[in-house]
Each structure stands twice: as structure tokens, then as C-alpha cells.
**Q** 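Mind looking over this structure? Questions follow.
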Amino acid sequence: MMSPIEVSVLTKAAPSASSASVQVDNFAVLIDNSKSINHLHQIHAALLRRGLHHHPILNFKLQRSYSSLGLLHHTVTLFHRTPAPNVFLWSSIINAHSHSALWDCALSYYAQMLAHHVQPNAFTLSSLLKGCTLQPTTVVHSHAVKFGLSSDLYVSTSLVDAYARGGDVVSAQKLFDAMPERSLVSLTAMLTCYVKHGMLREARLLFEGMGVKDVVCWNVMIDGYAQHGCPNEALVLFREMLGKKVRPNEITVLAVLSSCGQLGALECGRWVHSYVENSGVGVGVRVNLRVGTALVDMYCKCGSLEDARKVFDGMVGKDVVAWNSFIMGYGIHGFGDEALQLFHEMLRVGVRPSDITFVAVLTACAHAGLVGKGWEVFDLMKSRYEMEPKVEHYGCMVNLLGRAGRVREAYDLVRSMEVEPDSILWGTLLWACRIHNDISLGEEIAEFLVSNDLATSGTCILLSNMYAAARNWVGVAKVRSFMKESGVEKEPGCSSIEVNNRVHEFLAGDIRHRRSKDIYSMLGKMNGWLKARGYTPKIDLVLHDIGEQQKEQSLEVHSEKLALAFGLISTSPGTAIKIVKNLRVCLDCHAVMKMMSKISGRKIIMRDRNRFHHFENGSCSCRDYW
DNA sequence: GTAGGGTTAG
């Protein structure tokens, strides 16, 4: 419905007694308030009837409104019909293209503007910088200096942002340090720069020094932690944000859910879920697709497929990302058939799979040992969807074949593929060699890795474990000295467990925990129970060249065992214990978890780097392959 | 009459 003023402005045939400037003002208001394309077309028609379309302000506003409604081509047409556009119109057309991610066009309009001898102002440059890569940024920077705009707050903020995006932290820092004044936005631009480059200490220092903090800078800091392997810090900061009464938005929620997923913090994830539903953040008519997908992912990673299913079934208009998360969820839990079923359902409803879909389906096949199905899907990817398999897809196939004991076949596949193998793929193949005791192939691969400078701590330790299992101590010593010489360090194993909404982290031999004494006393009891049932520690897994007794002790304090001991003393009898480990679970710990699930009568659900293990009554859902 | 910082599955 049109308002009375609109009716009068749009329908009056001739200007009334009111002055022309009042009419222009009225049109300006109408354009600014127009919310639909139709509406804007009506106003545009009225302007044409009155010959007002060349009025500089109305023409400008019309162009801006068309582009903000997504009709860039209308804006472009009007722009090209404007004789001698002024700096406002040039800035606006540049901004319109920047907003549509048409960076090259924006740059080309800028070049044309200069060719027409129109001098840019601060608005022009900040619009232009939005999408500049490093090379044009340096050029625009020099223009800013030339036109005396380099100390403008908006221009310098945009420059900091542009250098940061281009990866030139030094220039970004230099500009930032030289800024005569800084706004919240410029501080956030620098904060983003630090975070993007993993400089979390610098970021935190800057963040703490910021007097006023809005939701954007909280998001940058929280997401920074979430994306750089510090999900616990992200959650702590999120709680602090709530305490400061800053209202989170959808972006906050996405970062926090990702953190919960990484930590396997189910209680915390559930809390965020109910927060989402009660606060209306990220909720349209129902939970929106992105938040929904993040919830599905979180629930899968926290071990609750039931909750993931509930969210997934309630989502409308599921896209490929949503399907992928759930397929992957089933996969890492070892439910291959369910993952395949989901995949076929997705194809049936007409969603086109992406390359990540195939990673998810093949991962699921690998974890469930579905060799035939895996090959079918791998072929389908090439034949029906005409996708070239990437190294990740080959990695899945190697995992699949390796698990099935077809290590040589896996090796042949690697040698026949056209893409360059990466260290993850080599690690997968080595893992298969280790599981199936193919030492000669393992050595061959390891030598290749060492001579090509591809050896990582993971591959070195696998090889050392293989030698140790074969009682080849010379081999073990060789690997050990290689690691020492080349500075390859073992990534420390870390296990975490969520109790009472807090995540507790343990490293091997950790004594920092408040209840450390109780934990070690439980550990002692566990060892008594285990030994009474005939458990012998798998000491050949220990890398170090130390005495047998010390090897036993070093195994006993593995991080996952500490987490289990803490779980046993701090949760109610009969409840499931959920542990998350950053590396793959070690063979000895896996055996201990199996036995302890029987001894304690508890379900133990452990997520390692690779997949979920559900330990129950003495056995594991992975059927001893992982 | 105009502009700058945060967004996704392995």
C-alpha cells in the first residue's frame, strides 16, 4: 500500500504550487524508503514523466537503490546514460561492483574515472579497496598519498584490511601504527589481520586494550580461537561476552558450535542449541540452514546422532552442505550403510553432490569396511558426475583398501594416480602397513618420505612403532635419531572430557589438574583391575629407548587414560563417558578402554583424530580397525 | 547524495 504522500508525489500530473525543491526532497525520501523492485520502477517512471531523472541527487539515489536491490545491470545502464558523471556517481558505481564481488570491473571503472580527469575522494578509495588484492592495493595506497587521503580514517582502515587480506601483515601493521585516529572498525580490521595469520597472542592483546567492544570484534576473537585449534578459549570468551551483556548473533553461534564440536562438548552444545531457540538468534521461521548445519555437525562430533537427526529432519531446503555434514557424521561413527542410504536419499531429492560429498561417503565406506560399495561410489564420481578425484578421495580409497588388508593394491593405486600424494595419504598407507605388518613396504615408503623431505612426526612414529613391533631396535634407534636431527617433534597427545559444562584437558603425565591426586589414585586402581584380568601393557609401542618398567609407566599416563580416570571419579555410575583425543588412539589405550568398559559397566565413547569408538562391554564399534 | 571490520562441512 502506498502512503498518502507517495500517492500525491507519484500521481500528481504537474508540479503544484510547492517549489521544485520540495518535490525533489519528496522523491529522495521515496527512493530511500523503497523496499521492492516494483516500487522502485514506479518511482523511476514518475521521475521520467517529470523529466527529473537527470537531477544529480535523484539519479544518484536511483542508481544506488537499484544496486542495493540486486539489479546491478539497471545501475550500469543508468550510469552509462549519465553525461559526465561526478565523483559521487563514480564512487557509487565502483562500490556497486565491489559489493557484487566484481573486483576487476570496480578497478576498471576507477581507471576510467581517472581517465575522465575526475579526482577520487575518500569514498571512492575505500569502496575500491574492499576487493583489492595485494598488487592493486599498493597502487591505490600510492594514489591515496598522492591525493592527500592516506590519513583519512576510512581510507586507512580499508588499507589495513586490504593489506591484511593480501597477506602483507607488515604493511598492515605499519599503516595501523601510523593512523592518527582509530575507530572501533579500524581496531577490528587489525584484529582480523592478526587472527587470520594465527597471531592469537597479538590479537588478544589488542582485543583486551579495546575500550568499546561490539559484537563484531567479539566474533573475530572467538572465531579466531575456534579456527586455530583453541576451541576451549573460544568458549571461555563466549561466556565472558554473555557476561558483558553483548548479544551474540548468528556468526557468534556458528563459531561457538564449531568449538563445541571440536571439543566434543555435548552439554555446552546443547546449551547453545537451546539458546538459539530461545533467543531467536539464527532463527527465521525455524532454525536457519547455516545454524542448522552447524548444529548437525556439532551433534555428530559430540557423539549424539539422535540429536543430529532431529535437527536435520526439521531443516527445510537442505543444501549440499547440510547433507554432507550428516553423511560425514554417520561415516565417522562407522555407520556405513546409513551414510550410503543418506547419500542416495540426497540424490533422489535432486541435490547435486559436491567433491566433499564423495569424501564423506568414501570415508563412511572406509570406516565400515565396505570395499565394494566404496569402489562403486568412486567410479560413480568419475562416470556420472564427471569429477576428477582429488588426493582426498584417493586417501579414502587407500584407507578403505588398507583396512581390508589389501595394502599392495592401495600402494598400486597411489602409484597410478595423477595427483600428487600428500603427507596425509602417505600416513594412511603407512598406517595400513603397520596394522597388517607389511614392514618392507612400510620401510620403502618411509625411505621415500625421508628422501623427499615429506616425513612428519606422524609418519616417523608409525615407522618406529612398526620396527618396535618387529623387535627391530636398530630400526627404532634410526628413526629416533632421524627425528632428533631433523627436528621433527612428536605432536603431544591431548585428551579432553566435559564434566559439568566445563572441558578438562589432559596431556600425557599431566599433574596440573585440581584433582590430580584423586585421578592418579583411580589410575592405580584401574591398573590393579586390568592386571587381575590378564592385561599386559603393550610396551613395544613406547618410542623411547628406556627400561621396561619405565615404558609401562609412560604408557600408564597416556592422556586418554588420565581423562578416563577423571571421568570415572567425576561422573555418576552407569553414565557414558565421552573422551576426545587430538591424535589417533594408541593400541594400548584402545585395549584398556575395551576392558574398562566391561569392568566399569560404562559405555565409553571416544573420538580420536580419525573416528568415533564406542566401547561397550569389552568391545569396540570400530572392530579393532581405525 | 556516498565508505571501512565478522560468515560455513573433511
Side-chain angles (χ1 to χ4, degrees), chain A residues 24-25 28 31-32 55-65 68 86-96 98-99 120-130 149 152-162 164-165 182-193 195-196 210 214-224 226-227 248-255 257-258 261 282 288-294 296-298 300-301 319-329 331-332 354-364 390 392-393 395-396 424 609-611:
Chain A
V24 168
D25 287 351
I31 297 172
D32 284 345
H55 186 281
I57 294 177
L58 296 179
N59 181 20
F60 168 80
K61 284 191 180 280
L62 202 55
Q63 290 191 34
R64 202 174 49 134
S65 291
S68 69
N86 60 17
V87 65
F88 286 91
L89 285 166
W90 281 109
S91 301
S92 164
I93 198 78
I94 289 167
N95 190 40
S98 286
H99 265 282
N121 62 19
F123 293 93
T124 323
L125 297 192
S126 59
S127 296
L128 182 63
L129 283 165
K130 217 179 155 81
L149 299 167
D152 175 88
L153 182 58
Y154 281 77
V155 173
S156 48
T157 301
S158 303
L159 278 169
V160 169
D161 174 56
R165 272 186 293 101
R182 291 172 191 153
S183 64
L184 178 56
V185 178
S186 50
L187 287 161
T188 310
M190 195 63 224
L191 188 69
T192 309
C193 173
V195 160
K196 277 215 173 104
M210 289 167 72
D214 65 357
V215 64
V216 176
C217 66
W218 281 97
N219 286 350
V220 173
M221 200 65 236
I222 292 175
D223 192 50
Q227 305 240 329
N249 62 15
E250 184 187 326
I251 293 166
T252 327
V253 166
L254 293 173
L257 286 174
S258 154
N288 83 30
L289 201 57
R290 285 198 305 206
V291 172
T293 302
V296 168
D297 177 59
M298 178 277 291
C300 289
K301 286 182 180 154
D319 61 1
V320 65
V321 181
W323 286 94
N324 289 352
S325 320
F326 204 24
I327 295 173
M328 184 62 80
I332 55 175
S354 67
D355 61 327
I356 293 168
T357 313
F358 287 103
V359 173
V361 178
L362 293 173
T363 301
K390 295 186 182 173
E392 296 93 323
H393 302 105
C396 295
I424 298 173
R609 178 175 274 191
N610 215 26
R611 61 165 294 155

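Because the structure is a prediction, the values reported are computed rather than measured. Order of the sequence lines fixes the chain letters, A, B, ..., with proteins taken first and strands second; residue numbering starts at 1 for each chain.
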**Q** Strictly under 4.0 angstrom, non-hydrogen atoms only: write out the protein contact profile of nucleotides 1-6 of chain B, one letter per nucleotide from the 5' end, B, S or -.
**A** BBBBBB
**Q** Does any N or O in the side chain of Ser98(A) come within less than 3.5 Å of the main-chain N or O of Ser127(A), such that one atom is a donor and the other an acceptor?
**A**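 Looks like yes, one N/O pair under 3.5 Å.
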**Q** What's Lys301(A) touching, base or sugar-phosphate or nothing? Going by heavy atoms closer than 4.0 Å.
**A**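 Result for Lys301(A) = sugar-phosphate.
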**Q** Side chains of Asn121(A) and Asp152(A): is there a donor and an acceptor less than 3.5 Å apart?
**A**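 Absent: no donor and acceptor within the cut-off.
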**Q** In whole angstroms, how far is the P atom of dG10(B) from the CZ atom of Phe326(A)?
**A**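 Rounded to the whole Å, the gap is 15 Å.
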**Q** Tell me what Leu254(A) touches on the nucleic acid: a base, only sugar-phosphate, or nothing, going by heavy atoms under 4.0 Å.
**A**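 If one applies the 4.0 Å heavy-atom cut-off, Leu254(A) turns out to touch nothing in the nucleic acid.
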**Q** Does the Asn324(A) side chain pair with the main chain of Ile327(A), one donor and one acceptor, at a distance under 3.5 Å?
**A**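 Checked: no pair found.
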**Q** Round to a whole Å and report the spacing from CG of Asp297(A) to C1' of dT8(B).
**A**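 Distance, rounded to whole Å: 9 Å.
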**Q** Compare every heavy atom of Ile31(A) with every heavy atom of Lys61(A), then report the nearest pair and how far apart it is.
**A**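 Nearest pair, atom of Lys61(A) first, then Ile31(A): O-CG2, 3.6 Å.
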**Q** State, without any angle test, whether Asn95(A) and Ser92(A) hold a side-chain donor-acceptor pair at a distance under 3.5 Å.
**A**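 Ser92(A) and Asn95(A) do not have a side-chain donor-acceptor pair below 3.5 Å.
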**Q** Under a 4.0 Å threshold between the charged nitrogen and the carboxylate oxygen, would Asp32(A) count as salt-bridged to Arg64(A)?
**A**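 Salt bridge present between Arg64(A) and Asp32(A).
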**Q** Using whole Å, what does the distance between atom P of nucleotide dG10(B) and atom CD of Gln227(A) come to?
**A**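 Value for this atom pair: 11 Å.
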